[in-house]
Amino acid sequence: MVVRSAIAAPYDEGPERVVDEMRAQIEALLATDVNCTLLPKFVRLVFHDCVGGCDGCVDMSDPENAGLLTPIEALMPICENIPEGSGVTRADCWAQAALSAAESSQDRSRFAFPLEKVGRQTCEAPNGVGGPERTMPNSHAGTSELIEWFREWFGFSKREIVALMGAHTLGGAIRNNSGYNGFWTPTWCSLNNDYYDSLWQIWSQKLTEEPNGHFQWELTSPPDAVYEHRTDSAGCPFLNLPGRGPPIPPDTDLEACPPLFMLNVDVAMAKDFGDKLNSHSGQVDCLWVDQPDDYDPREPCADARLLDFVLAYRDDNRLWVRDFQQVLTKLINTKARPLTKLDTTDSQMYDGFF
């Protein structure tokens, strides 16, 4: 695939003005996203784009990219009308969309997510639909494979891996796209540390329904643990951890609504499956916690070497959002140099909480 760089010829208003206008249009688009359809997908889009280096293209023939045509098409009127010669590219536009989505979805912090550099390469595929094949992380992976994948493709440290995985606080999975079904967090349209709080509950592995059934982890609760919720626009509850919302009405049909869930790669930050993982099917033959032998004789999984970071982020939302902002910026800049540094003196990094 032929790749072109942003045109380097001078532009009268400079890249900062172009980025300001682009950001304003993206923020206006997000303001209309009342059902939170686009916001999580903007973050997912830039991750899929930046494996191997951001280039503003995603191969939609790859099943790993199912569902990404929605954010690509939503951004087309903005990203395809960047002035020639401005030094700003479609890949920059997608990066800005992810940063704006993260910044605007904070509910317990107020950190800025500025686009600091422009000039990322953009492939020749029309509108970004196409491009090189990417090797995405295996959703069945255990702890060691997760660490090695991120080190190979992004050079991330263990702390950076755990921080970036917190992006799963936004959005969920649809069975028809991926074979998985559910939301990672109860507040799936807000950028906060609920992902790590959810992760440190008690989970058990289940096989989703066909077609495209996969092993995923769902909450395991004793009968007297009542989960609470608020209702979304479709009538399904956002399941909450105990004490975080009004009680579930007795006539609520939870079976008809997506569950809270985790993938192996999520659980692998808390539990190390070792040789208990079937790397082909994703089935894990160890338990989250020890059980009486007459209930389940399998052994509990060992704690993962990433667990300390999970617990640190669970206990400190501000710490996680700060680290997430830094690792997301590192992700969009990896293998993307040389880039033009923008003058961001007008951007403000807010410290603390609303």
Side-chain angles (χ1 to χ4, degrees), residues 30 33 35-44 47 98 101-111 113 159-174 180-204 216-221 225-234 236-248 254 257-271 288 304 306-328 352-354:
L30 286 168
D33 186 30
N35 292 322
C36 205
T37 301
L38 296 176
L39 190 150
K41 289 183 172 67
F42 284 173
V43 177
R44 179 174 173 238
F47 175 69
E103 180 176 307
S104 66
S105 60
Q106 296 172 83
D107 64 348
R108 301 172 194 166
S109 55
R110 198 179 180 188
F111 283 94
F113 283 68
R159 182 182 185 126
E160 289 172 326
I161 294 167
V162 178
L164 186 71
M165 288 292 290
H168 280 174
T169 196
L170 298 173
I174 300 173
Y180 300 105
N181 183 51
F183 298 106
W184 281 279
T185 77
T187 54
W188 57 267
C189 198
S190 298
L191 190 79
N192 57 45
N193 64 337
D194 276 0
Y195 171 74
Y196 304 98
D197 202 354
S198 293
L199 183 56
W200 197 238
Q201 302 303 310
I202 299 176
W203 299 85
S204 59
Q216 66 180 39
W217 296 75
E218 297 183 10
L219 281 172
T220 301
S221 308
V226 178
Y227 283 80
E228 301 175 339
H229 79 291
R230 56 191 173 88
T231 302
D232 69 10
S233 59
C236 277
F238 294 126
L239 294 181
N240 262 335
L241 304 179
R244 292 196 178 181
I248 297 176
L254 293 179
C257 297
L260 289 181
F261 88 119
M262 292 283 165
L263 303 171
N264 276 8
V265 288
D266 301 303
V267 174
M269 292 187 295
K271 298 295 180 179
W288 185 272
L306 301 175
L307 178 58
D308 286 348
F309 300 115
V310 171
L311 298 179
Y313 292 145
R314 179 200 63 178
D315 294 338
D316 194 332
N317 181 74
R318 180 179 174 277
L319 172 66
W320 173 67
V321 176
R322 184 201 67 186
D323 285 1
F324 179 71
Q325 187 272 340
Q326 293 174 355
V327 73
L328 182 59
F353 301 90
F354 285 117

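The analysis underlying the following values was restricted to heavy atoms, covering all of them including side chains, and did not include hydrogens, waters or symmetry mates.
Minimum heavy-atom separation, N317 to R108: ND2-CB, 3.6 Å. Shown here for W288 and A270, the closest heavy-atom pair between the two residues is CH2-CB, 3.8 Å. In terms of heavy atoms, A102 sits closest to F324 at CB-CE2, 4.2 Å. Shown here for L328 and A98, the closest heavy-atom pair between the two residues is CD2-O, 4.5 Å. Nearest heavy-atom pair, L191 versus W320, reported as atom, atom and distance to 0.1 Å: CD1-CH2, 3.6 Å. What you find for A304 and A268 is that their closest heavy atoms are CB-O, 3.3 Å.
By the 4.0 Å N-to-carboxylate-O rule, D323 lies too far from R318 to be salt-bridged with it.
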Checklist line | Intermediate values then yes/no, side-chain contact (heavy atoms from CB on, under 4.5 Å), L170 and W188 | finding: CA-CA 5 Å; L170 298 173; W188 57 267; over 6 Å; no
Next item on the list: Applying side-chain contact (heavy atoms from CB on, under 4.5 Å), run through V162 and Y313 and close with a yes or a no.
Entry: CA-CA 9 Å; V162 178; Y313 292 145; 3.9 Å; yes
Check: Yes or no on side-chain contact (heavy atoms from CB on, under 4.5 Å) for L30 and L39, after CA distance, side-chain angles and deciding distance?
Finding: CA-CA 7 Å; L30 286 168; L39 190 150; 4.1 Å; yes
Check: For N193 and T169, what are the C-alpha separation, side-chain angles and deciding distance, and is it a side-chain contact (heavy atoms from CB on, under 4.5 Å)?
Finding: CA-CA 7 Å; N193 64 337; T169 196; over 6 Å; no
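Looking only at distances, no side-chain donor or acceptor of D315 sits under 3.5 Å from a matching main-chain atom of A312. At least one donor-acceptor pair under 3.5 Å links the side chain of E103 to the backbone N or O of F113.
From M262, atom CE reaches atom OH of Y180 across 14.0 Å, with rounding to the nearest 0.5 Å. Within the model, atoms OH of Y196 and CZ of F309 stand 11.5 Å from one another, a figure rounded to the nearest 0.5 Å. We find the CH2-CG distance between W203 and L219 to be 4.0 Å, quoted to the nearest 0.5 Å. Rounded to the nearest 0.5 Å, atoms CZ (F111) and CD (Q325) are 8.0 Å apart. Within the model, atoms CD of Q326 and CZ of R159 stand 8.5 Å from one another, a figure rounded to the nearest 0.5 Å. Atom OG of S109 is separated from atom CG of D316 by 10.5 Å, given to the nearest 0.5 angstrom.
Proximity of Q106 to V321: side-chain heavy atoms (C-beta onward) are separated by under 4.5 Å at one or more points. Annotation: side chain of L311 is in contact with side chain of W200 (closest heavy-atom distance under 4.5 Å). L307 is not listed as a side-chain neighbour of M269, based on a closest heavy-atom distance of 4.5 Å or more.
A donor-acceptor pair shorter than 3.5 Å can be found between the side chains of N192 and D107.
Classified by interplanar angle (parallel below 30°, tilted 30° to 60°, perpendicular above 60°), the ring pair H168/W184 is parallel.
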